[in-house]
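Notes to accompany the following structure.
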Amino acid sequence: MLNISNSDIIFAIADTHFHNKSRNSDINDFFLFLKKVRQEADKLFLLGDIFDFYFEYKTVIPKSLFRVFCELYKTKSAGVEIHYWVGNHDFYLGQFIKDIGIVPHSLPEVISASGAQILIEHGNEINSPDMLGIILKNRLSRALFSIIHPDLGITLARKVSRLSRLRSGKTTLDLNYLARYAHRKFSSGIDAIMMGHFHKPYLYEDNNKSLVILGDWSNYRSFGIIRDGRISLRRFNHSPR
Ligand SMILES: [Mn+2]
């Protein structure tokens, strides 16, 4: 269970979708964002799909993600508690992520912050399940996948991942559907919902209750801050590309 104290400042980000061909500006801005986190936040919530594909092999980690892991480790070592709600692209986080001090969460969770009940989730369970998840949640296919050489396995998986992102991500932000979902949660005692997955920053407010979608990093540089029981949606300053 997650302990939040009233003075906690929580930064949250989702859908950076880092991979071996990520733009340098996306990665460098993310590192600047983490610097800001170290200066201003007590906790960092990663709301899923930080990696475009992540599979935990027994002995290797992907070279292209090494610097991202290092910066996260540096942030955690500076005293920021990091929680990771897995997305539909990187749900197979394993022991390695725990070894560098990040707490993984595989299910939506309600936190209590300054008296407000805030639901935290990636958001993929709201729309349809995706291919990659179906394939890799199966134990046998996971075992088979793990014996493919990582250079080939990661390339294949990213192809599937790209398809599933097109299918489940930015194409289907149905605002009416989301508002209905939010109202169901509000009537069960939830004050605010924060999620990623839909790739577009979005704030829905009704009667002092809110639904916040964080938006993706490469297009919007958006992130969230939870403070005094309220969520605000922000934009990070763009660096020149
Ligand atoms: Mn997603």
Side-chain angles (χ1 to χ4, degrees), residues 11-23 26-27 29-30 33 44-56 62 64-65 68-69 72 82-94 97 102-109 118-138 141-142 145 154 156-175 177-179 181-182 185 192-204 211-224 231 233 236:
F11 276 45
I13 185 170
D15 296 288
T16 51
H17 283 268
F18 289 130
H19 54 79
N20 57 349
K21 293 194 177 94
S22 285
R23 283 186 304 222
D26 288 351
I27 294 185
D29 279 0
F30 179 67
F33 168 77
L44 171 65
F45 286 0
L46 303 168
L47 258 62
D49 293 355
I50 296 302
F51 308 116
D52 197 49
F53 172 68
Y54 185 75
F55 183 83
E56 190 144 324
S64 59
L65 304 177
V68 175
F69 287 132
L72 288 171
I82 307 181
H83 293 267
Y84 197 133
W85 275 266
V86 296
N88 50 315
H89 286 256
D90 54 13
F91 62 88
Y92 195 54
L93 294 177
I97 211 81
I102 297 173
V103 184
H105 299 259
S106 53
L107 294 170
E109 216 163 309
I118 304 178
L119 173 65
I120 312 284
E121 59 185 325
H122 176 60
N124 57 301
E125 273 152 30
I126 294 168
N127 60 4
S128 54
D130 64 327
M131 284 179 269
L132 197 64
I134 291 165
I135 297 166
L136 287 179
K137 267 176 188 156
N138 177 289
S141 51
R142 212 160 61 207
F145 185 83
I154 291 173
L156 282 173
R158 283 213 52 240
K159 285 213 162 83
V160 180
S161 145
R162 212 160 27 233
L163 289 175
S164 89
R165 185 171 61 243
L166 289 175
R167 208 171 64 102
S168 76
K170 41 195 155 192
T171 51
T172 52
L173 182 60
D174 179 342
L175 300 181
Y177 185 79
L178 279 168
Y181 172 77
K185 296 292 176 188
I193 304 164
M194 187 167 70
M195 62 172 80
H197 186 60
F198 293 98
H199 286 235
K200 265 198 180 127
Y202 175 63
L203 171 67
Y204 172 79
L211 164 77
V212 174
I213 295 174
L214 292 176
D216 77 350
W217 187 247
S218 63
N219 290 307
Y220 297 102
R221 295 290 194 268
S222 44
F223 67 100
I231 309 171
L233 191 57
F236 192 74

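As the structure lists them, so they are numbered: ligands from 1, and atoms in each ligand from 1.
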So, [X] and the Mn ion (ligand 1): N/O/S under 2.8 Å, yes or no?
X: His199; result: no
X: Asn88; result: yes
X: His197; result: yes

Checklist line | Plane angle bin for Phe236 and Phe33 - parallel if under 30°, tilted between 30 and 60°, otherwise perpendicular | finding: perpendicular
Check: Any idea how His122 and His197 line up, ring-wise: parallel (<30°), tilted (30 to 60°), or perpendicular (>60°)?
Finding: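 If you compare the ring of His122 with that of His197, the planes turn out perpendicular.
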Next item on the list: Report the name of the N/O/S atom of Asp49 located nearest to the Mn ion (ligand 1).
Entry: OD2
Next item on the list: Could you check if a side-chain atom of Met195 sits within less than 4.5 angstrom of a side-chain atom of Leu211, using non-hydrogen atoms only?
Entry: yes
Next item on the list: Report yes if some heavy atom in the side chain of Asp26 is under 4.5 Å from a heavy atom in the side chain of Arg221; otherwise report no.
Entry: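 Of all side-chain heavy-atom pairs linking Arg221 with Asp26, at least one is under 4.5 Å.
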